[in-house]
**Q** 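Handing you a structure now.
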Amino acid sequence: MAKKNQQNTPSPETQAEAMRIAKATQKQGQTKEQTKLIAQGIQKGIEQYKKQQKMKARERDKFRKKQAKEKQTVESTETHTATEQQTIYKQHWLPWLLLALSWVGFAAYTFLPAVK
């Protein structure tokens, strides 16, 4: 419970800033109590603004982390794909051997009967 009360009390800087603003906008004939109430309203406004900014910062951080994670996933996928393409385009020796044997066989078929 003490932590909850601690979160609800504004910081001294916020209180001082709210009082400064309230005194700066003070009307003639305004009582100290009225000024104090105005300062409290300003404090609540400042606190609400800070909460909104924290929420926006959290959302930006989540978005940035999500983007970084997606970028990392895409990069690892591209690396994996590039590795696969290297193995796909790697040429095997067997087709070249068969081509050479077929040319040797064709040459033998063509020139050996002519020698006889």
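It should be emphasised that the depicted structure is a prediction, and the values quoted were computed from it without experimental measurement.
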**Q** Before accepting this row, confirm whether a basic side-chain N of the pair Asp61/Arg58 lies closer than 4.0 Å to the acidic partner's carboxylate O.
**A** no

**Q** Are Lys62 and Glu59 packed together at the side-chain level, in the sense that at least one heavy-atom pair is separated by less than 4.5 angstrom?
**A** yes

**Q** For the side chain to side chain contact (heavy atoms under 4.5 Å, CB included) test, which of Gln48, Lys54, Met55 pairs with Gln52?
**A**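 Among Gln48, Lys54, Met55, the one that satisfies the side chain to side chain contact (heavy atoms under 4.5 Å, CB included) with Gln52 is Gln48.
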
**Q** Are more than 12 heavy atoms from other residues, nucleotides or ligands located less than 6.0 Å from atom CD of Gln53?
**A**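 Yes - once you tally the heavy atoms of other residues, nucleotides and ligands closer than 6.0 Å, there are more than 12.
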
**Q** Between the main-chain N or O of Gln67 and the side-chain N or O of Glu70, is there a donor-acceptor pair closer than 3.5 Å?
**A** no

**Q** Can you tell me how far apart CD1 (Ile38) and CD (Glu33) are? Round to the nearest 0.5 Å.
**A**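 It is 11.5 Å, given to the nearest 0.5 Å.
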
**Q** Among Lys32, Gln28, Gln34, which residue satisfies the side chain to side chain contact (heavy atoms under 4.5 Å, CB included) criterion with Gln30?
**A** Gln34

**Q** I need the Glu13 CD to Ile46 CD1 distance, nearest 0.5 Å.
**A**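 That separation rounds to 11.0 Å.
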
**Q** Report the C-alpha distance between Lys44 and Gln40 in whole Å, list the side-chain angles of each, state the deciding distance to 0.1 Å, and finish with yes or no for side-chain contact (heavy atoms from CB on, under 4.5 Å).
**A** CA-CA 6 Å; Lys44 288 181 182 180; Gln40 287 174 351; 5.5 Å; no

**Q** Any side-chain heavy-atom pair from Thr31 and Lys36 closer than 4.5 angstrom?
**A**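 Thr31 does not reach Lys36 side chain to side chain.
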
**Q** Name the atoms and distances for all side-chain donor-acceptor pairs under 3.5 Å in residues 14-27, with sequence neighbours left out.
**A**
from  : atom 1 : to    : atom 2 : distance (Å)
Thr14 : OG1    : Ser11 : OG     : 2.8
Thr14 : OG1    : Lys50 : NZ     : 2.9
Glu17 : OE2    : Arg20 : NH2    : 2.6
Thr25 : OG1    : Ile21 : O      : 3.1
Thr25 : OG1    : Ala22 : O      : 3.3
Gln26 : NE2    : Thr35 : OG1    : 3.1

**Q** Could you tell me the separation between the CG atom of Leu101 and the CH2 atom of Trp96, rounded to the nearest 0.5 Å?
**A**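 It is 13.5 Å, given to the nearest 0.5 Å.
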
**Q** According to a hydrophobic-cluster definition based on side-chain heavy atoms being under 4.5 Å apart (Ile, Leu, Val, Met, Phe, Trp, Tyr only), do Leu112 and Val104 belong together?
**A**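 No.
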
